[in-house]
Amino acid sequence: STHTFQKERANRNIAQMVGYIKWMNISPETIVKMADADGNRTLDFNEFYNFVTNKLNFKISEEEVGELFTVINKSQDNKIDLKELVALLK
């Protein structure tokens, strides 16, 4: 099904992104510093999208970034916080 495909694709993209972030030795705190344009200590979708596509230079679609955002944003509050990044990179 499409849903299964999207989940598998999201998991694969997450694994690649996490691997790259760890290889680059970027801490969760640094991600917030790099990506948080408005200074509220969380990443909204646009900030996260810019981080993934511009700072990490990942060549993935906006839809795929949306899937990543949804997976990482466990609290479902439409913003990724430090705690969620720590959990992602543990």
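Keep in mind it's a predicted model, so treat the numbers as computed, not measured.
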Using distance alone, with no hydrogens and no angle criterion, decide if Lys55 and Asn57 have a side-chain donor and acceptor under 3.5 Å apart. no
Is there a donor-acceptor contact under 3.5 Å linking the side chains of Glu63 and Gln6? yes
So do [Y] and [X] actually touch side chain to side chain, heavy atoms under 4.5 Å?
X: Phe45; Y: Val65; value: yes
X: Thr70; Y: Leu68; value: no
X: Phe69; Y: Glu64; value: no
X: Ile31; Y: Phe51; value: yes

[Y] backbone acceptor or donor facing [X] side chain under 3.5 Å:
X: Thr30; Y: Ile26; value: no
X: Glu84; Y: Ser75; value: yes
X: Glu47; Y: Ile80; value: no
X: Asp36; Y: Asn40; value: yes

Side-chain atoms of residues 14-22: list all donor-acceptor pairs with protein atoms under 3.5 Å, sequence neighbours left out, distances to 0.1 Å.
from	atom 1	to	atom 2	distance (Å)
Lys22	NZ	Leu89	O	3.3
Lys22	NZ	Lys90	O	3.4

Verify the cluster assignment for Met24 and Phe58: are they in a single hydrophobic cluster under the rule of side-chain heavy atoms below 4.5 Å apart? yes
Is it true that Asp77 and Lys79 make a salt bridge, defined as a side-chain N closer than 4.0 Å to a carboxylate O? yes
Please give me the minimum heavy-atom distance between Leu56 and Val52, naming the atom from each residue. CB-O, 3.4 Å
Only one of Val86, Thr42, Asn73 clears side-chain contact (heavy atoms from CB on, under 4.5 Å) with Asp81; which? Thr42
When rounded to the nearest 0.5 angstrom, what is the spacing between CE in Met34 and CG in Asn50? 11.5 Å
Nearest 0.5 angstrom please: Lys74 NZ to Lys83 NZ, how far? 12.5 Å
